Protein chains: 2
Amino acid sequence: MHSPELLKGTLQTIILKLLADHGKMYGYEITQKVKELSDGSLALTEGALYPTLHKLEAEGLLSTEKVSLGKRVRKYYTLTEIGRSSIQKRIEDFESFISTMFNVLQLRPIGS
Amino acid sequence: MHSPELLKGTLQTIILKLLADHGKMYGYEITQKVKELSDGSLALTEGALYPTLHKLEAEGLLSTEKVSLGKRVRKYYTLTEIGRSSIQKRIEDFESFISTMFNVLQLRPIGS
DNA sequence: TCGTATTACCTAAGACTCTAATGTATTGAA
DNA sequence: TTCAATACATTAGAGTCTTAGGTAATACGA
């Protein structure tokens, strides 16, 4: 498991990219997808996830839709236009940050 | 300039690696070195730097030495044994985290 | 059928790390 | 002589996380 400190500031990017790649998702599904894609090494806690989803919704990047399954209600999140248009920049910012960190730490790029 | 959010959790690693690569350094020198290595895109604020240096010292990873230059006093930081032995793991943790993030975000590795 | 695990939503207190602002003082250059 | 740069530092407050807790439906094995 990674030091959770390193996760800070990347959660919004993860959520937005997952929604871009997989269409509408609900909260629990996002936690499972992250676990799967990271081979179990990243575990989103719900205390981090739900406030972030709500914040992104409040900022207009996500919209929600409630779907009933019997008595249970699932809340699906979808990217809005604004949300979708914000992703490319976030990804670029992340990659640029990584690149800078590699320079500062004087490490070799991954894959070379 | 990078979103400062992404910097969170990486400052200790930066400081330790800089000291490993460049020997003893003082606080202001560290801020300048980071600015130089990042081509001006990372600016450590002093409010972040000094508390972190003091914390690393309190944890036994750094030791200090005061050097007078005329009336001015410079405070040099050096890695202790413990500090030096902690670096490899921090670097590996960082690289592992990046690798995981690339998987989760489904990005191509840098340099490929 | 009964208990437990899983699914599924959520909040709240507190820790931690940062930013922005501020303070002090020395040194060097215009 | 005055302003920028050097050099140390602290503080209030913002933001993001962890840990812990709460509620409830559903699925599954004993």
Side-chain angles (χ1 to χ4, degrees), chain A residues 1-16 24-36 40-59 61-62 64-77 90 93-94 97 101, chain B residues 1-16 24-36 40-59 61-62 64-77 90 93-94 97 101:
Chain A
M1 190 72 72
H2 294 295
S3 164
E5 289 305 322
L6 291 170
L7 186 62
K8 289 193 179 187
T10 61
L11 185 50
Q12 290 191 12
T13 304
I14 290 173
I15 291 171
L16 293 170
K24 70 178 183 183
M25 298 178 83
Y26 53 98
Y28 185 78
E29 188 181 9
I30 292 174
T31 66
Q32 300 307 301
K33 199 67 181 176
V34 168
K35 198 183 288 181
E36 176 197 327
S41 68
L42 269 189
L44 297 196
T45 61
E46 298 178 324
L49 176 66
Y50 287 111
T52 302
L53 284 171
H54 299 163
K55 190 187 174 195
L56 289 172
E57 185 185 4
E59 289 171 350
L61 303 184
L62 303 181
T64 59
E65 177 194 354
K66 287 186 179 171
V67 174
S68 294
L69 298 101
K71 286 182 182 174
R72 184 180 286 179
V73 176
R74 250 185 215 163
K75 198 168 163 187
Y76 279 96
Y77 291 85
R90 283 177 190 260
D93 283 353
F94 174 74
F97 169 71
M101 279 295 291
Chain B
M1 191 72 71
H2 294 295
S3 164
E5 290 307 321
L6 292 170
L7 186 62
K8 290 194 179 186
T10 60
L11 185 49
Q12 290 192 10
T13 304
I14 290 173
I15 291 171
L16 294 170
K24 70 179 182 184
M25 298 177 83
Y26 52 98
Y28 185 78
E29 188 182 7
I30 293 174
T31 66
Q32 299 308 301
K33 198 68 179 175
V34 167
K35 198 182 289 183
E36 175 197 328
S41 67
L42 269 189
L44 298 195
T45 61
E46 298 178 321
L49 176 65
Y50 287 111
T52 302
L53 285 171
H54 299 161
K55 190 187 174 194
L56 289 172
E57 185 185 4
E59 288 171 352
L61 303 184
L62 303 182
T64 58
E65 177 194 354
K66 287 187 179 171
V67 175
S68 294
L69 298 100
K71 285 181 181 172
R72 182 179 288 179
V73 176
R74 250 186 213 162
K75 199 167 164 187
Y76 279 96
Y77 291 85
R90 282 176 191 260
D93 283 352
F94 175 73
F97 169 72
M101 278 296 290

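Computed from a prediction, not measured in an experiment: that's the story for all the values here. All values below were derived from every heavy atom in this structure, side-chain atoms included, with hydrogens, water molecules and symmetry-related copies excluded.
- Among the protein residues, A:Gly47 comes within range of the nucleic acid bases, having at least one heavy atom under 4.0 Å from a base atom.
- A:Ile15 places none of its side-chain heavy atoms less than 4.5 Å from the side chain of A:Val34.
- Which of C:dT17, C:dC18, C:dT19 sits closest to the side chain of B:Thr52 comes down to C:dC18.
- Rounding to whole angstrom units, CG of residue A:Leu44 and C1' of C:dC9 are separated by 16 Å.
- In this structure, B:Leu53 atom CG and D:dT10 atom P are separated by 11 Å, rounded to whole Å.
- When distances run from any side-chain atom of A:Tyr26 to the nucleotides C:dC9, C:dT19, D:dC8, the shortest one goes to C:dC9.
- At whole-Å resolution of the value, OH in B:Tyr76 and C1' in D:dA7 are 11 Å apart.
- Each of A:Glu46 and B:His54 has a nearest nucleotide on DNA chain D; the 5'-most of these lies closest to B:His54.
- Atom CG of B:Leu49 and atom P of C:dT19 are 11 Å apart (whole Å).
- Rounded to whole angstrom, the span from the CD1 atom of A:Ile30 across to the P atom of C:dC10 amounts to 11 Å.
- Within 4.0 Å (heavy atoms only), A:Lys66 reaches no atom of the nucleic acid at all.
- Contact detail for A:Met25 and A:Glu29: the closest heavy-atom pair is CA-OE1, 3.2 Å.
- For A:Tyr50 and D:dA20, the OH to C1' distance is 16 Å, given to the nearest whole Å.
- For C:dC16, neither phosphate oxygen OP1 nor OP2 lies less than 4.0 angstrom from any side-chain nitrogen or oxygen of B:Lys55.
- In this structure, the side chains of B:Leu44 and B:Thr52 stay at 4.5 Å or more apart for every pair of heavy atoms.
- The side chain of A:Pro51 lies closest to C:dT11, out of C:dT11, D:dC8, C:dC18.
- Following rounding to the nearest Å, A:Lys71 (NZ) and D:dT23 (C1') show an atom-to-atom distance of 15 Å.
- Rounded to an integer number of Å, the gap from B:Glu29 CD to D:dT6 C1' is 12 Å.
- Closest contact between the side chain of A:Lys75 and the listed nucleotides D:dT18, C:dC9, D:dT26 involves C:dC9.
- For A:Arg74 against C:dT7, a side-chain-to-base donor-acceptor contact under 3.5 Å is absent.
- Closest to the side chain of B:Ala48, from the set C:dC18, D:dA7, C:dA8, is C:dC18.
- Considering only side-chain atoms of A:Tyr28, the nucleotide from C:dA8, D:dT19, D:dA25 that sits closest is C:dA8.
- With contacts defined as side-chain heavy-atom distances shorter than 4.5 Å, the pair A:Phe97/B:Thr10 qualifies.
- Every salt bridge (Lys or Arg N to Asp or Glu O under 4.0 Å) that B:Lys55 has, sequence neighbours left out, goes to B:Glu59.
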